[in-house]
Each structure stands twice: as structure tokens, then as C-alpha cells.
Amino acid sequence: MQAEAPVWVLGEVWGCTVIKAPECTDEAQRFHRMTCSEQQINPANPSLIVRVKTGWTGPPAEATDRVKLDPLAVSQAEICGFRIHGQNVPFEAVVLDKSTGEGVIRAKDKLDCELQKEHTFTIQAYDCGEGPDGGNMKKSHKATVHIQVNDMNEYSPVFKEKSYKATVIEGKKYDSILKVEAVDADCSFQFSQICSYEIVTPDVPFTIDKDGNIKNTEKLNYSKERMYKLTVTSYDCGKNRASEDVLVKINIKPTCKPSWQGFNKRIEYEPGTGSLALFPSMHLETCEEPITSIQVSIMLETNHIGKGCDRDTYSEKSLHKLCGASAGTVELLPTPSNSANWTVGLPTDNGHDSDQVFEFNGTQAIKVPEGVVSTTLKEPFTISVWMRHGPGGREKETILCNSDKTEMNRHHYSLYVHNCRLVLLLRQEPTESENYKPAEFHWKLDQVCDKEWHHYVLNIEFPAVTLFVDGATFEPFLVTEDYPLHASKIETQLTIGACWQGGSALMTQYFRGNLAGLMIRSGKLENKKVIDCLYTCKEGLDVQLPEEVASAVKVEFNPNQSSLTLEGDDIESFEKVMQHISYLNSRQFPTPGIRHLRVSTTVKCFNEETCISVPDSEGYVMVLQPEEPKISLSGIDHFARGAAEFESTEGVTLFPELRIVSTITREVEVEVEIMHNLDTCEVTVVGDELNGDHESLEVDLAQIQQRALEMSSSNVGMVITGVNTMANYEQVLHLIRYRNWHTEALFDRKFKLVCSELNGRYISNEFKVEVNVIHTANPMDHANNAMVQPQQPLLGFYHPKYQMLICVHPLFTVVPSAATIVIVVCVSFLVFMIILGVFRIRAAHQGTLRDQENGKENEMDWDDSALTITVNPMETYEDQHSSEEEGDEEEEDSEDGEEEDDITSAESDSSEDEGGEQEDQQGSSRQQQLEWDDSTY
């Protein structure tokens, strides 16, 4: 029987499931459409056995009707192999039993589900063919094989992020704070899915669900914990844990409160560094509330510094000059000194680095000496004062008053405070007309009683009076009139802090508060530029607006720049302006200490009902202690001059080589020289005061005025004032001369020099100078009335310590150190005479011992116990020394005829006639050394 081609037998492909198409009814057709739908293969055992049988396509033979097969038919019925069709199929088919058609499909290599999850290919069987060579072999129809690779759980979950961060607000419970997510590289649904997450960190108020959402289990408290750190892991559905856990940081923010953020409460300012940004990283937290406009007021509180802020602490008179005020200003409350001592007993506030402030407690007042201010002020005139006062009382409190000394006690003019009003009383002097005229000018001012420093300036040009308070103009709200004063010859008394009444009461209407810088300027009004200069602070707020936001924000300053106001509607532009606001102190030596800082904010929102409120932000600027300068005075501190120089019109220069140096010490202990101004140098006499009848201190006033300085002098010395450089002060001090036109009784004078800066804040060392007077000495008479007339006069000066007149040859006067040379010579001579005296005493003592040894042999000698023998070693030495010098002098006289011998007391004992017999008397000098002293007989 002719064999048919091999066919696939239903159900004989083992391990596979036959998928029966519902539309197929023919069994053979179903054979051709069968597939192996899902064979799971373990990559560790890649062999897949598929058993295949072949059969006939005709109807099955019945048991009773079997067909015998000849050998050829049998060979053709065997299956010799399988062929797989497809590209890059990683499988092969191998025949296991040719007769049954069983074979195996196996993987050529390990399978990886992650690379290819499914494989589909076709397979075809063929028989052994005809004849021994197998020709004319038959092939079966192609069958489709579909294989899905079974996955192993070989990969662990991995988180998508290395770490997670979130921020939450305290006091709230969240449904989800953040979500963590992990992935698994396995290919199957079972092993590639993340089935659970877990928070590993114990005892934290957080939980996580199977999807990775983290939420808090309780309300969080910012004060308790500001940040939580959680460790989170994950598991896939095969129970594999993540290869690496992930860190989750949850920051806790306090309950959102609208405020300025990034504001440092303490800001340190180093002197000399220019401007310092106050809010470099400041921004406004609005809690996501939309706003329409914003207004900020920044206040720098400096009321406790000096007179309301940091200003130069020079004297008020110097400050007026620096501000350009012309001459004629009189300072009524000066710093106590030798020339201005009427404020000595007045309490001062010394807590403001020498900013001169006087305190009046309601029981104190001072009288200004006569001549300081003219009796009648010449109109126009100006009164200016710094005042701190408050609260107001019912009684009048007088600042300045000019009243009669006796009898009627009329008030000519006064400035006083009454019920928080500032009142100027100005009575007109007697005139021909007796009409009413303006007499009292009243200003009602809050500044009078607010306990703060304010600067008051009154420009008086009768009948108009203009008041400036802190640079702003105020008009009087009330002006009362009165008759002019009657003519009187009574003298007036100018007082400060009360009004002079005379009699038993003496003073009345005492002032309670602080005053400083009280000035009167007669004959001219103060201009606005000078007034503003006097009030302007050396410290304050500053802002440099960036160009891109200059038009978006409006900026306004107050006059002394202690506060500014910002207005705008764009928060971003507003914050940029805030970051450019700075503090500036232009003083070289600012007052150290705290300046409080306050930022007040007002916002407007679209919804006024829910509009936010921004609280004030407060901090302070700490001005550090400046490096204090050390002012040093040096020069020649002891010298001598001839009496003629003292009596000349030029006098003697006291500080010819004076040098002023100022240094500061750095942290490394190195002194660095700096330059700054001085405002006072005072020369004081040490010892007796100057006698104006015959001595004085003088200086060239033209040179003083040329350097814009002033000089005042008294019987105790001289004071030079004015703000100027150290170099100019040096030049002026070089010009100070001392004159004395009666020097007969003068042998020396001592002076002391002290300079200072900033009204005594920094004071130099005391530089003392001693100057000696070299006198011309006349010849002295000898006891025997013999006179020796020298060819040139002898010079000398009296030294009070040794009570002796030191003689100097004119030759020595040509050098400045002649006095020193003379002292050295005289001391050397004195030492020589002492040695000579000791030698003679010793010789006399030895002679006495010899006489005692020979006493018995010389009983008939004189008993000289009652005798006194006077030995004059000076006379003997001078006789011998004089003889030698005369011999030498005669030789020198033959050459120039100009030299002369020094005259001593020993030489005065010899007359001119005995001069030629000196050599003969030398042989018998021992006999002349002893004389009988018969005073005891």
C-alpha cells in the first residue's frame, strides 16, 4: 500500500495543550491548527520533550479489516527527523523514537525571561523516504509551537530615587505627605510587582501603605522635632526585599505665620568699614495669601546715643564753625576749663563719650560772667540749644534768662518752658513811643515734653521770630504784647537753668531736664544750611536702589535718616529693595553700643476678610569699639636761654621741635600711625601763675586766624581751640613764645602742654618743658676789697635745688648745652676737692699717731687741745693752681692778648702786687697753710 505523508496525531504532542478552534469541525483540519499554547521552561533545565506520532490520513482501520504493510511501507512510516522554521529560534527538535514519531524540543542555551518572555516558531516532521538512500521522503504539515518562558525571582526591588524629602506644617494630619516608589526587573507579573513597603525606623509617627504613600499618624510639633529621618524598604510579590533601603527626610515647619524670614537679630558694625547691608537675605512669607500692596517702615533707634544719634562730639562752637557759621557765636555752656569755668559745678552726663551734656534737676542754675554776652543783644540775633525735657509741669522752667540784678528784677529776655509750650520773652528797650509791642511768642510742641533730644534754633529779627525744631520750621500760635521797658541804669544778670530774682530768693523758675550747646549769636541770623548741618546725624539708614526696581518701590527718609518708608505692590521687587538697605556711620571714631532696629509691615489683600497680618521684626546693630588713638607729644623738654632773649620782643620759643603723633594698636600688637584732627591744645604754667606786669605767653594771632583756630589766654596759660589737623596744630604750637621783661629774679620756668580730640574723648600725654634763664654775673668784691676786673663778663644761672650760682664762661654760651658742660666741670672740681680733703685728713691723722708714740719724749711740747686750727684746702690749691694757670696764661696772652683767668674766691685773697711773688711763696706754702685760731682765748 502506498504510504501517505506523516501527519500530526491529535493529543500526541505531550506537554502541550491543544487549542480547538470552535469553527473547526473537521478533525483533520483541527490537527493542522493546533498550537502548544503555554509551555513553561525552567532556564536551569532547558530541555522540552515533545512526543509526536504519525498516522494515516484515511479512515482508521477496523480490527477486522487490517492492512498488512510491506517492508517498504513500514520504512516510509517511520519518522526520521524534525525541522524548526524561524529566525534565531533558540530551540532544536530531536527524534527519540522513529517508529512512534516521538521527539524532543530543547533549548540550545539558558533562557532569560527578561530578554524575551515568549517564543513562537513552526515545526515540521519528515519520514525516512524510499530505498536505502532515503530518497523521496515525505514531510508533514507545519505545526505552530508557542512557548512562554517561566520567570524566576532573581531580581530585588530598587527605589527610583536615592532619597526623598518633604516639608509639612505642624499641627496637621496629612492623607499623604509623599510617595516612594520602587521597581523590580523581573519579567513576570508575580515577581515584578511591589507588593508592600515598610518603614524600618522604629517609634516614628508615620505609616506607609502598599502603594508607598507616607502619612503621619499624629499631629506633628515643630518645637518637639524639626526634622524626621525615616528608613523605608520594599518587597516584591515573591517576598524579595529591596537591595538598598531609602532615606526619607520630613521637615517640620511651624504653623505658617506671615513674617519676614532671613532676618539676623544681631548685626555687628565695625567702624571705618562704610555701609553695611542690614537685610541681605530677607524675604516676606505671605503663606500663599495673594496681596495687592505692601508698606514697610524701618526705624533705627538712636535716641540713647549722644543727643539723639551719633554726631561729632566737638564743642558746640567748633561745630558751628565746621558747619559754616560766621564769627560772633558765644557758647554759654562750654566744657569746663581754666578760661571758662562757670560750668564747673554743674552735673554732666558722662555716658556719651564726651558729648557734653549738662543736667538740671530743678535746684541748680549758673550765672554767666559779665562780658561773655553783651548787655543788649544787637538785632538780629540767634539762640540755639539742644534740650531734652518732659513731662511738663504747671510752673515755668527757665532755660535762659536775662534780668535785673537788683531792685525791680525785670526780665529783659528769657527762654522758658511752660505746660509743654516753648515761650520766648523779649521786652523791648526804652524808646520814644510807648506803644504795645510783641513781647511773648508761644509755640505748642509735642517735642518739648517727649523726653527726647531736640535741636531748637530761634532766629529773632523783631518783630518776626522763626523757630526751627530739628530743622523744621514752626510758627508761633500765640503772640502777646507789652509795653517797652522803662529806662534804667540797673545792671543785668544772665543765668541758665533759672532766673535771677535777687533778694533772699536769688533764683526762681528752675529748669528740670538736660541742656547742651546753648549758643547766642548776635548781629546775624543762622541760615537753614547751617541749621541742617548742626542737626544732621553722622549715622543712619541708607539704600542704593537697583535700577530694575527703582520705579516699582517708593522710598522716603526722615530728616536725620533714622527711619525710612517703603511702598510697593510687587513682593519680589520689594524684597530686592529691602536687601539693599544698609547702616552707615561716617565718624572716624563712632560711639560704640547698640542701635535697636524695628521693621513694621502693613499689607493689603484681595480678600480683606482673610488678609494676613505681618508682625514687627526687631533686632539691633552693634557698633563695635573703635581702635582708640594714642596721641603722643614729644620734643625738647629742657633747655636754657640768655636773659636777653626772654626780655626781647620775640621772647623764647617754648616748643621749637614739638611733634604730634597719633597711633593705634592692632591685634598683633603693632602700632600704626594714623591721621586725625585735634580740637584743643592747652599750655599751662607749672608753679606760680603768670604775672601780667612783667611776663606773658604770646603767639602770632594772624597765624591762628589763618588756620581757622581761636586762642584764649589767662594768668594760668593759653588755650588754642578749633577743629584742625595735627600738622596745623604743630605749626601753631611752634610759634608760642614766653616773654619776661624783668628776669633779675627769674631762674627757671616750667610749662605743661596737653592736646585732645573730640572734646576731651582722647587726650595726649602731658608734655612738660623746663626753661632756664642764663644771667650775666658782675665781679664780686673780695673780703680785702681787692678788685679784679675781668676783660669779659661772666654768665651764669641760679639753680634753686643746689642753692648756688653756676658760672659759665662766655665761650660756653655759643652752644645750647653750655649749662650741662658747666655743671659737669663744677661737679668734677668738687669731686677733686673732696679727694684732696680726704688725703689731707688722713695725713693729719697719721701725724697725730706719731705724736702720741713720742709723747713721753716730748712732754715739753705745746698742749694744743684747746687750740683750733683751720685748714683751707681751697686756698692752697687755688694758689698753686692759679700760679700754674697764670704761667700758662702769660704765654697765651703773648699770642692773642684776649684770654683771661677764671676768678675764684681763692684768687681774690691775693692783690695785684702779690701776683709776681707767687713762685717765691710756693717754697714756704706749708707755713702759710696753718693759722692760729685764737677765738677761744
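These numbers come from the heavy atoms of this one structure, side chains and all, not from hydrogens, waters or symmetry mates.
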For this session: Check the angle between the aromatic planes of Y197 and F159 and answer parallel, tilted or perpendicular using the 30° and 60° thresholds.
Result: tilted

For this session: Look at the aromatic rings of H596 and H304 and report parallel, tilted or perpendicular, splitting at 30° and 60°.
Result: tilted

Is it true that, when you exclude [X] itself, more than 12 heavy atoms of the residues, nucleotides or ligands shown sit nearer than 6.0 Å to its [atom1]?
X: R241; atom1: CZ; value: yes
X: Q193; atom1: CD; value: yes
X: E288; atom1: CD; value: no
X: K604; atom1: NZ; value: no
X: Q544; atom1: CD; value: no
X: E301; atom1: CD; value: yes
X: E572; atom1: CD; value: no
X: D446; atom1: CG; value: no

Closest heavy-atom pair and its distance - [X], [Y]:
X: T302; Y: R595; result: CG2-CG, 3.6 Å
X: T536; Y: R311; result: O-NE, 3.6 Å
X: L584; Y: S275; result: CD1-N, 3.6 Å
X: W443; Y: F474; result: NE1-O, 3.3 Å
X: K165; Y: L178; result: O-CD1, 4.1 Å
X: I594; Y: M622; result: CG1-CE, 3.2 Å

Value rounded to 0.5 Å, distance of [atom1] in [X] from [atom2] in [Y]:
X: Y583; Y: L300; atom1: OH; atom2: CG; result: 6.5 Å
X: L534; Y: D312; atom1: CG; atom2: CG; result: 11.5 Å
X: K451; Y: N514; atom1: NZ; atom2: CG; result: 12.0 Å
X: S756; Y: I631; atom1: OG; atom2: CD1; result: 7.0 Å
X: L220; Y: I252; atom1: CG; atom2: CD1; result: 4.5 Å
X: D186; Y: E154; atom1: CG; atom2: CD; result: 6.0 Å

Hey, does [Y] have a side-chain heavy atom less than 4.5 Å from the side chain of [X]?
X: E289; Y: V603; value: no
X: V553; Y: L545; value: no
X: C195; Y: Y235; value: no
X: R587; Y: L758; value: yes
X: F360; Y: L346; value: yes
X: N560; Y: D470; value: no
X: I298; Y: V296; value: yes
X: P626; Y: P592; value: yes

Backbone N/O of [Y] and side chain of [X]: donor-acceptor pair under 3.5 Å:
X: N216; Y: Y174; answer: yes
X: D679; Y: N759; answer: yes
X: Y269; Y: N585; answer: yes
X: Q579; Y: M282; answer: yes
X: E539; Y: D310; answer: yes
X: D245; Y: T231; answer: no
X: T565; Y: S297; answer: no
X: E285; Y: C287; answer: yes
X: H389; Y: V448; answer: yes
X: Q588; Y: M675; answer: yes

For this session: Could you go through the side-chain contact (heavy atoms from CB on, under 4.5 Å) check for H146 and E118 one step at a time?
Result: CA-CA 7 Å; H146 180 77; E118 295 179 347; 3.5 Å; yes

Problem set entry | Short side-chain donor-acceptor distance under 3.5 Å, S259 and Q261 |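 A pair is found: one side chain offers a donor N or O, the other an acceptor, under 3.5 Å apart.
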
Exercise. Is the closest side-chain donor-acceptor distance between Y620 and R266 under 3.5 Å?
Worked result: yes

For this session: Output, in order, the C-alpha distance, side-chain angles, deciding distance and verdict of side-chain contact (heavy atoms from CB on, under 4.5 Å) for Y155 and F191.
Result: CA-CA 8 Å; Y155 291 100; F191 299 140; over 6 Å; no

Problem set entry | E181 with K179: basic N within carboxylate O range, under 4.0 Å | no

For this session: Answer yes or no: is there an ion pair linking E628 with K630, defined by an N-O contact shorter than 4.0 Å?
Result: no

For this session: Please report the C-alpha distance between S582 and L276 in whole Å, then the side-chain angles of each, then the deciding distance to 0.1 Å, and finally whether the side-chain contact (heavy atoms from CB on, under 4.5 Å) criterion is met.
Result: CA-CA 5 Å; S582 60; L276 174 67; 5.5 Å; no

Exercise. For V232 and Y164, what are the C-alpha separation, side-chain angles and deciding distance, and is it a side-chain contact (heavy atoms from CB on, under 4.5 Å)?
Worked result: CA-CA 10 Å; V232 177; Y164 293 86; over 6 Å; no

For this session: Using ring pair (Phe, Tyr, Trp, His ring centres under 6.0 Å) as the criterion, list what pairs up with H676, not counting sequence neighbours.
Result: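 F589.
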
